[in-house]
Protein chains: 2
Amino acid sequence: MSRKNFLFQKSVNALLDILKNEYVVGDNLPSDLTIANRLDVSRSTARKTIDYMIEQGFIVKLGSQKTLYAMPQKSHYFAVNKQSMSKDKQVEEHFLNLILNGKIKPGDRFSELELARQSNCNTVTVREFLIRFSRFGLIEKSPRSQWQMKNFDEQFVDELYEVRHLFEMYSLSSFMQLEETKPHWQQLEALLLEHQEIEPHMEERFHEFPKLDQKFHTLMQSAQPNQFVSQFYDIISFVFHYHYQWDRNSEKDRNTVAVHEHIDIISKMLMKDYRGATLALEKHLNTAKESLKNTAIL
Amino acid sequence: MSRKNFLFQKSVNALLDILKNEYVVGDNLPSDLTIANRLDVSRSTARKTIDYMIEQGFIVKLGSQKTLYAMPQKSHYFAVNKQSMSKDKQVEEHFLNLILNGKIKPGDRFSELELARQSNCNTVTVREFLIRFSRFGLIEKSPRSQWQMKNFDEQFVDELYEVRHLFEMYSLSSFMQLEETKPHWQQLEALLLEHQEIEPHMEERFHEFPKLDQKFHTLMQSAQPNQFVSQFYDIISFVFHYHYQWDRNSEKDRNTVAVHEHIDIISKMLMKDYRGATLALEKHLNTAKESLKNTAIL
DNA sequence: CTTCTGATTTTTATAAGTAAAAAACAATTG
DNA sequence: CAATTGTTTTTTACTTATAAAAATCAGAAG
């Protein structure tokens, strides 16, 4: 953003919105700091946007008193296009696209320079993104050599699921210990209904499942929030999302089975059948693991 | 390294070593590729070192045949000093030093630029290091603002220990299921001896404990290796190391207690007393957690 | 003396450029 | 023709430079 002052432009647009919605011509405007906080930028940037407004004639200044002089129109907004993303986001989008579309497959090597060229930015930005992304454990590099997509092998899946198993079981246990009065139980009940609602219509609505899945696991974790567990879930989610791109065909079947399994787990939980819920969860995790393994390019 | 051709220099030194130890004057040398592989560098670099040797007169070339012409002496080696570290390592050393010496405390903000100046390198290198380091969850930054050392609060410790507890208990369970014939049991026995050996002399030998601790946890994990678990242990180790710098006084006491607890756990494990070992481990983890909390700057 | 403003300094995000190293290519030799 | 060499191209690791944004500072105004 720094070379192209997008933050400034966004601020201008945001300020125009605020002026339009909350002030009328003749009103005095609040202090720089107030505006800066409102726009969620530094005072320097807020100041620059105000100066710009003055230049454009929307605001006049008498001493240090800022007054709204004219109402801005649509045409005064800066156009916000795709390029307004930070370079970082641009790289991210490009890279995820590549791997989600199978352009980069497990075992493949790729260079920073090439990515930089493709995503129209410089190597530093690319490299910084890749370093950040490497926390997912899907790519790695050794000094002076290119990055490599790690092999997505059986062992990787096993280890991933080992930890997932531990965490999910722990979440379940924490959840089951919640007092009856906690709102979690109502949320769980509501979630059951949502599942039951789409269950008979999976033929058409199977693509709604991922959202439910997300909800379910978030709810489970909410019983005992833990930043390390959440972090790990980011990895799981990504690996799933990443991996199933190659196997769109079986998606409907997979989701249908999963909905049933979720219903099973949640029902048992609501009946306070800890043992039953554990077994159902165990089964669910195994299904997921096996299906991942079957899809995997091993 | 790139500006100062350290890899080249290291290669020269390595090749000199090889020549001295494995060849005599008059010997023909193997192919570029063979040498490159041996030096663990690309052929280009290997080639450059060979060319340098020719320039220096140690090697002569007839057509494409390389022959050792003179034996190198000590004085021909490149001096390898501290600056031979990659910039990256230099930043790492500097930064860890800062936080381990309490120069940067929880909650503190710090700038990339300052670190760059202090560690005598540029902001890009610093930033890349910080991004990599941020996986430990101890620092964070939001766009356009400085980095911040996260608060090391009770919740952080609790969450850390929650996961640690899960992992350790799982490791224990995996270990206990190992067949009697596995070498792990002998290693465990040996480890018990090591503990018992220093136990009566903790007054002087308390500083030997961290190594034992490391060994113990590595051994436990070896029963069921898992990259995610190992990764998490890196965090734990670092947090410990980091944190206890501020409380050197109680180190002896802490370690003395810990040695006893380890002995307790290992003994129970060797007796195949799973229940007893679990309880002992539970106690050990609690001690550690409490001691961390007491030290913590909350 | 707190809040605000205007001016100044620092820092971040990004670009452009480059020596060193790696990789790819093409010619050659055994 | 497989392995090796000499040559060329590409990439990485790093430096320097700078517009944009943030942070700081010193007065001014309430």
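We use all heavy atoms of the structure for the numbers below, so side chains are in, but hydrogens, waters and symmetry mates are not. Note that the structure is a prediction, hence the values are computed from the model and not measured.
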Sequence neighbours left out, what passes side-chain contact (heavy atoms from CB on, under 4.5 Å) with T218(A)? Give chain and number order. Q214(A)
Taking only N and O in the side chain of K61(B), is any of them less than 4.0 Å away from OP1 or OP2 of dT5(D)? no
Take atom CZ of F6(B) and atom C1' of dT12(D), then tell me their distance rounded to the nearest Å. 17 Å
Take the angle between the ring planes of F110(A) and F95(A) and call it parallel below 30°, perpendicular above 60°, tilted in between. tilted
Using only heavy-atom distances, determine whether the side chains of Q118(A) and H94(A) contain a donor-acceptor pair under 3.5 Å. yes
D108(B) side chain to M149(B) main-chain N or O, any donor-acceptor pair under 3.5 Å? no
What is the separation between atom NZ on K89(B) and atom P on dC14(D), rounded to the nearest whole Å? 12 Å
Listed in order of residue number, which residues of residues 121-142 of chain B have a non-hydrogen atom at under 4.0 Å from DNA chain C? R127(B), K141(B)
If the plane angle is over 60° it's perpendicular, under 30° parallel, otherwise tilted; pick one for Y161(B) and F240(B). tilted
Output yes when at least one side-chain N/O atom of R117(A) is less than 4.0 Å from OP1 or OP2 of dT11(D), else no. yes
Taking five pairs at each end of the helix from dC1(C)-dG30(D) to dG30(C)-dC1(D), what angle separates the two helix axes (nearest 10°)? 30°
With a cut-off of less than 4.0 Å, is there a side-chain N or O of K48(B) near OP1 or OP2 of dG6(D)? no
Closer than 3.5 angstrom, by distance alone: can the side chain of E112(B) be matched with the main-chain N or O of T123(B) as a donor-acceptor pair? no
Atom CD1 of I50(A) and atom C1' of dG6(C): how far apart are they, to the nearest Å? 12 Å
For E92(A), all residues meeting side-chain hydrogen bond (donor to acceptor under 3.5 Å, both in side chains), sequence neighbours excluded: K89(A)
Carboxylate-amine/guanidinium contact D234(A) R135(A), below 4.0 Å: no
d(CG, D51(A); P, dA20(D)) in whole Å: 14 Å
For F156(A), all residues meeting ring-ring contact (aromatic ring centres under 6.0 Å, His included), sequence neighbours excluded: F152(A), F228(B)
5'-most contact on DNA chain D (nearest-nucleotide basis), R109(B) vs S145(A), goes to S145(A)
Nearest whole Å is fine: how far is dC14(D) P from L7(B) CG? 11 Å
For residues F232(B) and F232(A), establish whether the separation of their ring centroids is below 6.0 Å. no
From CG of L29(A) over to C1' of dC4(C), roughly how many Å is that when rounded to an integer? 15 Å
Output the rounded distance in Å from CD (E112(A)) to C1' (dA13(D)). 9 Å
Does S64(B) or Q146(B) map to a spot on DNA chain C nearer the 5' end, using the closest nucleotide for each? Q146(B)
For DNA chain D, which residues in residues 35-46 of chain A have a heavy atom at a distance below 4.0 Å? V41(A), S42(A), R43(A), S44(A), T45(A)
Carefully, step by step, assess F58(B) and Y23(B) under the rule ring-ring contact (aromatic ring centres under 6.0 Å, His included). CA-CA 12 Å; F58(B) 300 128; Y23(B) 294 88; over 10 Å; no
In terms of side-chain heavy atoms, does T125(A) have a donor or acceptor partner in N122(A) at a distance below 3.5 Å? yes
Under 4.0 Å: is that the gap between some side-chain N or O of R144(A) and OP1 or OP2 of dA13(D)? no
F110(A) CZ to dT12(D) C1', in whole Å, measures 14 Å
